[in-house]
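All residue numbers refer to positions in the sequence shown, counting from 1.
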Amino acid sequence: DAHECKGSGGQKTNDLYFWYFGTLAAFQLGGETWEHWNGALRKPLAEAQQKDGSWPANFDRWSAHGGQVYTTAMGALILETYYRYPRLSR
């Protein structure tokens with residue numbers, strides 16, 4: 001799959017669980033941190049999203065535990081972070 005990253009041992013390296021919490025943290029920091037993080041994730045997430053709006057089950061290293069429901073939920077939650085959460089005051 002063109003959207004599946006693999007490590008040197010052939011294991012899947014996409015980690016939507018990590019990406020989700022990293023996205024929440026980077027969004028709260030804002031600035032260059034957010035711009036860099038969001039810019040790096042938007043493209044692979046958008047390219048992997050299927051025409052029906054889902055993400056393929058094999059997109060993520062943890063998909064064996066949650067399948068396509070998991071990858072789709074996590075992909076959507078990541079992309080809508082700035083619509084779902086306000087930035088906290090500093």
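- Annotation: the span from Phe18 atom CZ to Thr23 atom OG1 amounts to 9.0 Å, rounded to 0.5 Å.
- Under the 4.5 Å side-chain contact rule for hydrophobic residues, Leu24 and Met74 share a cluster.
- Under the 4.5 Å side-chain contact rule for hydrophobic residues, Val69 and Ile78 do not share a cluster.
- Distance CD/Gln28 to OG1/Thr81: 9.5 Å, rounded to 0.5 Å.
- Looking at Asp60, its side chain never comes within 3.5 Å of a backbone N or O of Thr71 through a donor-acceptor pair.
- Between Asp15 and Trp62, the closest side-chain pair of non-hydrogen atoms falls below 4.5 Å.
- When side chains are defined from C-beta on, Leu41 does not count as touching Leu79, because their heavy atoms never get closer than 4.5 Å.
- By the 6.0 Å contact criterion, CH2 on Trp37 is enclosed, its count of non-hydrogen atoms from other residues, nucleotides or ligands being greater than 12.
- Of all non-hydrogen atoms in Ala48 and Phe59, the two that sit nearest each other are CB-CE1, 3.4 Å.
- Scanning for salt bridge (charged side-chain N to carboxylate O under 4.0 Å, His left out) contacts around Glu80 gives Arg84, with sequence neighbours left out.
- Using a 4.5 Å heavy-atom cutoff, the side chains of His65 and Tyr17 are not in contact.
- Heavy-atom contacts from other residues, nucleotides or ligands closer than 6.0 Å to CZ of Phe21 number more than 12.
- Ring-plane geometry between Phe27 and Tyr82 is classed as tilted, the angle between the planes lying from 30 to 60 degrees on a 0 to 90 degree scale.
- The ring-ring contact (aromatic ring centres under 6.0 Å, His included) test applied to Trp19 returns no partner, not counting sequence neighbours.
- Residues Gly67 and Ala57 approach most closely at C-CB, 3.8 Å, considering heavy atoms.
- For Lys43, the salt bridge (charged side-chain N to carboxylate O under 4.0 Å, His left out) partners two or more places apart in sequence, or in a different chain, are Glu47.
- What you find for Trp55 and Gln49 is that their closest heavy atoms are CH2-NE2, 3.4 Å.
- The backbone N or O of Ser54 lies less than 3.5 Å from no partner atom in the side chain of Thr72, so there is not a single donor-acceptor pair.
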